[in-house]
Amino acid sequence: MSSNSPTNLAERYAFLQKELARLEHAYYALDNPLLPDSEYDRLYRELLDIEAVHSEWITPESLSQRVGGVALKQFDSVTHIVPMLSLNNAFDDVELIAFDRRCREGLHLDHVDYAGELKFDGLAISLRYENGLLVRAATRGDGTSGEDVTANVKTIRAIPLRLTGMSIPKVLEVRGEVFMNLNDFRKMNVQAALIGEKEFANPRNAAAGSLRQLDSKVTAKRPLSFFAYGLGALEPQSWLPATHEELLNAYIKLGIPVCSERRILKSVAEILTFYKDIGAKRDSLPYDIDGVVYKVNSFAEQAKLGFVSRAPRFALAHKFPAQEALTTVLGIDVQVGRTGAITPVARLAPVVVGGVTVTNATLHNEDEVKRKDVWIGDTVSVRRAGDVIPEVVSVVKERRQPDAKQFVMPLRCPVCDSHIERLADEAIARCSGGLFCGAQRKQALIHFAHRRALDIEGLGEKIVDQLVDHNLVRTPADLYRLGFTALANLERMGEKSADNLIAAINHSRNTTLARFIFALGIRHVGEATAKDLANHYRNMHALMDAKFDDLLLVNDVGPVVASSIMSFMGETHNREVIEQLLASGMQLSVEEKIISDAVAGKTFVLTGTFPTLTRDEAKDLLEKVGAKVSGTVSKKTDYVVAGVDAGSKLKKAEELGVQVIDETAMLKLLK
Ligand code: IVH
């Protein structure tokens, strides 16, 4: 039988369906990838290839159905035969103890076993499986009827389209929570911001917004997850295990994701320990939770306890302090970071968030303030999660007062009064007083002394901290004025080390111009650029007075680097520090160039492939002897060196009448 014969292909197709479902389940539900992504992709493509030829084989459970389908006009309504209820909440131990007492008294038992689990902060969903096949997914709605979101739910890879295992009931409604992992949420918001789309305030809104998309193709792109925690309709009832714990274990066997953070709790003491343990873990979980849930473990006991109005008597949500709260923006200040980054910070009326009093929240940058439209005086929602700095999530626009004021980015650094600059293409505004600014002082000194900069041995972070904290050094120029006594008096600094440090500082005066330029810590000027600048300008004052257009002529210097240098050198504070440094006896050497009279100062353009040299090698050779190498042909070009397959540049040279030579001729010129 040929390998393409229909029966074999059909078998292969069936195999791919199973295998891909197994891989997806391991990856999305168990967090345990079995094969590299590339292998998954290969099998998936094979499945699609077969479906392209045999569309009649495609079943609702084919993984190709996860990409979403045609957009809906509206969601159909779905009635929940078994209503989707809510939970009663406890906010303190007293309410919890009362719950346990009610359960024990109601059951006439001395003690009751509870299943403890997490309270996920997403949205509830009911998944209906008939004979193992996912046939419908519905939101909770008002508990009695919800919306049919089947097409969307089918795109969630953690949710199996077909159940696995030996014991599959005829009808099974799995209840659980759709949510978004924090990492996925953050990535998604970064993406949204990049393309100018609205960001979601928190993972729950993101999950809800994604699930309630009329276009399932959009949902398919949203990284949603799912955990099961309950049961709706079931046929036959005989399938039901005796306890909640066993139900969840049975779910796992069916391929349904269940969170592993759960525990059987046998007393109030154990319940409180569970609450404390999970509370301590909360910040390190990959998703948001807003509490824990306790459920009477035995289904028989649950049935005896029954329901009050819309909530079961047998379950209780024990909430954690909220991670979001409303407060007022009293003002918006800016903070200067170690690298000069200017961050707007909202000063808030004190508010308790997640158990901690918050008075400041970051607004990240100027664009963020605009995008979130935060005004001084606004009522805002503030979020604190884990160790991250509290942030302003959103504004309650309806509460904006007539006297609310818009934020204006200050023009000068609040720490050193240097100009605040924002380079094109950058979200962050920065203080341009890098050498002078108090906020950047330590960072600037550590960089200045770096091995690849002025190489001052012994001037590490600890010493810099002390020098700055004791006000002995404010700028790098002060280093060269340090006296022995001042140094020897520092903590953990003996006379010998003080001697050594003074010697190292003195020694550093003898350096290269390239190192000196690098040591200044100009943004975007790394070691290589510093070398190029040194070779080009050959003395510090020439660089200090360079014009923008002039800077662009330097090897590898584009508009971003050039404007960064311009703003650094344009800051009087920085110039003063450089002058002081130069006056302190710096000896800045420049690597001598072998100047070739024939080509020095001439501009070359290289194009095509050369017989012996790479383009980079040719460029280095030319630059070593004082020639300039440019990327574009103009009237100012002296030579175009053309190799094989030279294209438009050669044509342009011919048009402009620029002299065209080959590699051999170029090498001759260099000799
Ligand atoms: S059980 C009959 N368990 O909380 C009880 N709900 O206020 C039905 N939730 O709408 C809910 N984690 O969205 C249950 N482990 C958990 C839960 C949980 C989160 C949500 C669910 C429900 C709401 C109830």
Side-chain angles (χ1 to χ4, degrees), residues 78 80-91 95 99 103 114-127 137-147 149 153 156 158-159 173-181 202-212 224-234 240 243-245 247-249 251-252 256-265 271 274-275 278-279 281-282 285-299 301-320 322-323:
V78 174
H80 300 300
I81 315 270
V82 178
M84 293 180 77
L85 305 175
S86 57
L87 293 167
N88 286 323
N89 291 319
F91 290 93
E95 290 172 289
F99 163 75
C103 286
Y114 300 97
E117 57 195 29
L118 307 185
K119 186 165 192 306
F120 309 104
D121 200 6
L123 68 157
I125 192 101
S126 182
L127 309 172
T139 61
R140 173 164 178 249
D142 62 4
T144 317
S145 71
E147 287 174 326
V149 288
V153 164
I156 304 176
I159 296 180
E173 277 180 19
V174 178
R175 303 244 162 115
E177 198 90 344
V178 169
F179 62 94
M180 199 178 277
N181 277 316
N202 54 45
R204 179 167 37 86
N205 289 2
S210 302
L211 199 63
R212 298 201 62 259
L224 295 171
S225 297
F226 172 80
F227 279 136
Y229 53 62
L231 176 68
L234 174 69
L240 188 69
T243 64
H244 182 73
E245 184 194 19
L247 172 70
L248 297 189
N249 290 339
Y251 279 174
I252 294 174
I256 298 165
V258 174
C259 177
S260 56
E261 294 290 349
R262 50 199 174 103
R263 200 185 291 171
I264 295 298
L265 309 166
I271 290 179
F274 180 70
Y275 180 77
I278 299 296
K281 261 193 187 171
R282 182 187 192 190
L285 291 172
Y287 37 76
D288 270 353
I289 58 173
D290 54 355
V292 293
V293 183
Y294 317 116
K295 296 170 181 168
V296 170
N297 194 29
S298 149
F299 285 130
E301 290 172 14
Q302 284 191 6
K304 266 191 213 139
L305 287 166
F307 303 85
V308 240
S309 68
R310 318 252 344 114
R313 274 204 198 88
F314 55 78
L316 184 75
H318 196 178
K319 301 279 265 216
F320 291 134
Q323 280 169 319

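These figures come from a predicted structure and were not determined experimentally. In listed order, ligands and their atoms are each counted from 1.
- Listed by chain and residue number, Arg212 satisfy the salt bridge (charged side-chain N to carboxylate O under 4.0 Å, His left out) test with Glu147 (two or more places apart in sequence, or in another chain).
- Aromatic ring centres of Phe274 and Tyr114 lie farther apart than the 6.0 Å criterion allows.
- Counted by atom type alone, Gln302 and His244 present zero donor-acceptor pairs between their side chains at under 3.5 Å.
- The closest side-chain heavy-atom distance from Tyr287 to Leu118 is below 4.5 Å.
- Within the model, atoms CG of Leu87 and NZ of Lys119 stand 6.0 Å from one another, a figure rounded to the nearest 0.5 Å.
- Listed by chain and number, residues touching ligand 1 at under 4.0 Å (heavy atoms only) are Leu85, Ser86, Leu87, Glu117, Leu118, Lys119, Phe120, Ala124, Arg140, Glu177, Tyr229, Val293, Lys295, Pro312.
- Between Met84 and Arg310, the shortest heavy-atom contact is O-NH2, 4.2 Å.
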